[in-house]
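Notes follow once the structure below has been shown.
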Amino acid sequence: MMSQPHLPERPGHNPDLLSLAREAALPPLSATFARVLAGFDDALFDRAETAGASQLVFLDGMRELRRRRDDITARFGAHLRQAWAALEAAAPLSAEAALAQAGQGETGLSLVSEHDLESRLAVRNFAAVVLREWKPVLARLDRRLAWISGVDGLDIDLNPIGPEHIGVAVHEAFGVCDLAAEVRLVLIKLCEREFAVQVGRIYRDVDERLAQAGVMPAISQPPPQRPAAAPRPARPAEADAGMAHGDDEDLSDPQHAPAWARRFTERWARHRSELQAGNPGGYDGNPSASGQNMILEALHELLAQTRHVREDATAAAQVAVGQQRPLSQHEMMSVLSLLQATPTATLRAAVGDQSESLAQRLKNEVISGATRLGVDPGQARLDPQDEDAIDLVGMLFDVMLDERELEGRSRELIGRLVVPFVKVALLDRRMFVQKTHPARRLLNSLAEACEGNAGESQAERALMGKVEEIIDRLIAEFNENLAIFLTLEEEFREFLAQHRRRIEIAERRATETQRGQEKLELARGRALAELERRLQGAPLPAAIEGFLRQPWNHHLTMSLLREGDDGESVGEALAVADVLLEEVAEARRHVVGKPWLQSIQPGLRKVFASVGLHGEGSVGAIDALHDTLQAIAEARPESVDHADAARYRAMDIGTWLDFIDKDGKVQAGKLSWVSPISSRLLFVNRRGIRFCVASPEELVVMERLGRLRPHVDDGAFDSAMQGVIDRLDPQTSTVH
């Protein structure tokens, strides 16, 4: 055994022990993942052989997996190293936060695709499987790693080698691959099947090495074992049922009993003790060494004591009981099978009638059915245990239908299960006390699917359709073999899991959309405040104010949304506005010859790019701002004649104008569109490419500066000659 390093008196950072744990965990996890990954392409090939129309999808996935195998293993290990480094820095990384940020890019705001959400849900399920199988050792690892790292505590979300972080590592690993959604989910499911067991063994090894190193050795002591309860002899039917679902509970241990059963037996034991107080050798509060028998016997005794209250029995009937024989199990099953296939109108009515006891109606229908089979009703009665089973099932469904939100079609479908569940109660009484009984689990799943389901959405209607299919099959196929419940429960559980995933995807999408909307509203409010602060004081030229209110405001909003208040782009956008306003002030002081907008050219291009203006389009927009400042500096009127602006507002779509740049180059532009929101005019060149977007006021300024003129389509030669004349004419050459 290795020597025990010195431990601090109180939890604190211990680099030696952290290094020990790291080497015991990270390399084995990465190596094991790489080893199981090597076999996945064979699994995909096998899946492709039976995939039908999806065969090519799995074959492509197999090739992609082989091609990117090294990248996959590298990304898996990289996430675990990142999580471990955070622990060593005493700032554990949240697996939930890491998974939420995966694939979000720099902005952290992009909506997650449905395929990505499916992948995230799959790795969460992988983590849940590992946690369920290795929960005790993980609890010890959380405490030991927290101790040696000096943090207050670790849980499944913060443990860097816990199943949650391993799930994130798996998600990140396959994120590098170009895989179809169904292939990615198959790979994660393979991890759950092949990798989870190996992970648990590594956990156990790390835990043992830390314990041997002296890290909280006391928590490794196993709890004292309680003696096993003696097995209860089962009837043949019950034994068959046990093969179907596994008799894996010991209800003599209160922790394994259903909550209602624990409360009931406690109250019943106190009640019987009070009744027999002072009776030595009498009732000892434990009618049977078996927990299941104890509950069932108490239930039977309670039903027997209260039956006279729940029923209107006559004295004559009590006398006649002694002259009647109980119906045999074969007779009971025959009658119930008839009711299961063709329930009577009165039984169907009792399901929806809160004023009638469903249990009493069931018993009446059984006696009536026995009469139709040739049994003399005067000579037959129900066996007390069979009557108890009918009472319990009837009251169970009465309460369920009364207290749960089951209306209309949902109520009718659940009501059809009454007779099959009476048959189950007669065949296997453990249904009432065993949480894992397949009949109980099937009823729980069906009731969950029906509750509150009004069929308002396509998903709800599909779910109700599956419920009806399952119940129809149960009615048609259930005789006396309880295995059908296990088959149908597994099938419906898988369908319900898919339905829940779709619901969770919709919930997450709604959450992300709402989060994005709120951040957008916050950014808009901040940008508007910055805009209003800069618009205070003397009125600005229309072109300058329009620039600030529209493209600049939009660009600032998007920068705030992506980077927050302290982002680099936010500071650059604010500087653009401030410099522009300073140059407006200089122009008003008639500063001539200044290279306007020179220092903020890159920032202006970014602003215009954010609203879709690139290349020549952004150059034209910046030139319009430059011309406005130049006009102010040369003491030309800042205000634009409304008649001139109105002329451009009334210009027809398809009108051509000539745009002249500072070098005298002429380009014809056609009016293609007028914004109904901002009234800005969009001009395109002869190839249909946008190159100028301007307001009517900006066009007036460009016209006065000789930068804009009506277009005359006289051909290239005549247009060139017009340019020659313009250059030779002293009155026009000065404007260039």
Side-chain angles (χ1 to χ4, degrees), residues 118 121-122 124-126 128-129 132 182 185-186 188-189 192-193 240-249 258 337 340-341 343 351 393 396-397 399-401 403-425 427-428 430-432 434-507:
E118 289 277 7
L121 292 172
R124 283 195 173 98
N125 188 67
F126 164 84
V129 169
R132 183 170 62 246
E182 55 189 310
L185 294 180
V186 166
I188 296 174
K189 192 67 177 178
E192 181 182 316
R193 189 179 70 188
D240 292 341
M243 293 177 64
H245 53 71
D247 190 6
D248 56 355
E249 293 180 296
S337 294
Q340 176 178 301
V351 172
V393 172
L396 177 75
F397 276 84
V399 173
M400 184 184 303
L401 293 171
E403 295 185 358
R404 291 188 173 269
E405 189 182 352
L406 298 168
E407 301 295 338
R409 184 62 177 152
S410 298
R411 190 178 187 88
E412 178 186 346
L413 288 172
I414 295 298
R416 293 176 61 192
L417 296 171
V418 173
V419 174
F421 271 78
V422 171
K423 291 172 66 175
V424 176
L427 292 168
D428 187 4
R430 290 177 300 178
M431 177 186 71
F432 295 110
Q434 191 173 51
K435 292 187 297 184
T436 58
H437 196 285
R440 264 176 68 166
R441 297 201 304 195
L442 178 61
L443 181 59
N444 287 339
S445 297
L446 293 173
E448 177 187 341
C450 288
E451 189 170 7
N453 189 340
E456 296 176 352
S457 67
Q458 178 60 35
E460 287 184 336
R461 289 190 291 272
L463 185 59
M464 287 299 291
K466 188 64 176 180
V467 169
E468 187 165 4
E469 175 194 333
I470 293 292
I471 293 176
D472 285 344
R473 287 174 55 188
L474 180 65
I475 297 297
E477 300 175 23
F478 176 42
N479 40 45
E480 297 182 19
N481 186 354
L482 297 178
I484 184 64
F485 284 90
L486 182 62
T487 301
L488 295 179
E489 190 274 330
E490 289 178 347
E491 178 181 331
F492 188 70
R493 174 158 39 91
E494 182 177 351
F495 183 90
L496 192 59
Q498 295 175 356
H499 175 77
R500 288 172 181 150
R501 284 199 296 271
R502 286 191 290 268
I503 296 299
E504 185 171 347
I505 288 171
E507 290 176 357

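Throughout, numbering of the chain's residues begins at 1 and tracks the sequence.
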Run the side-chain contact (heavy atoms from CB on, under 4.5 Å) check on V419 and I475 step by step: do they pass?
CA-CA 9 Å; V419 174; I475 297 297; over 6 Å; no
Residue pair V467 / C450, side-chain heavy-atom distance below 4.5 Å
yes
What are the two closest non-hydrogen atoms of A449 and F492, and how far apart are they?
CB-CZ, 3.6 Å
Side chain to side chain, K466 and E469, heavy atoms closer than 4.5 Å:
yes
Approximate separation, where rounding is to 0.5 Å, of L488 CG and L474 CG:
6.0 Å
Determine whether S337 and N479 make a side-chain contact, defined as any pair of heavy atoms from C-beta on separated by less than 4.5 Å.
no
So how far is it from R441 CZ to M431 CE, rounded to the nearest 0.5 Å?
14.5 Å
Taking the ring centre of each residue, are F421 and F478 less than 6.0 Å apart?
no
Can you tell me how far the CG atom of L463 sits from the CD atom of Q498, to the nearest 0.5 Å?
11.5 Å
Taking it one step at a time, do V424 and H437 satisfy side-chain contact (heavy atoms from CB on, under 4.5 Å)?
CA-CA 11 Å; V424 176; H437 196 285; 4.0 Å; yes
Atom pair CZ (R501) and CG (L496), whose distance is rounded to the nearest 0.5 Å
10.5 Å
Can you measure from CD (E477) to OG1 (T487) and round to the nearest 0.5 angstrom?
8.5 Å
Rounded distance (nearest 0.5 Å) linking atom CD of E448 with atom CG of L446
10.0 Å
Are R416 and D472 packed together at the side-chain level, in the sense that at least one heavy-atom pair is separated by less than 4.5 angstrom?
yes
Decide yes or no for L442 and L417: does some side-chain heavy atom of the first lie under 4.5 Å from some side-chain heavy atom of the second?
no
So F397 and L443, do their side chains get closer than 4.5 Å, heavy atoms only?
yes
May I ask you to test the L486-E490 pair for a side-chain heavy-atom distance under 4.5 Å?
yes
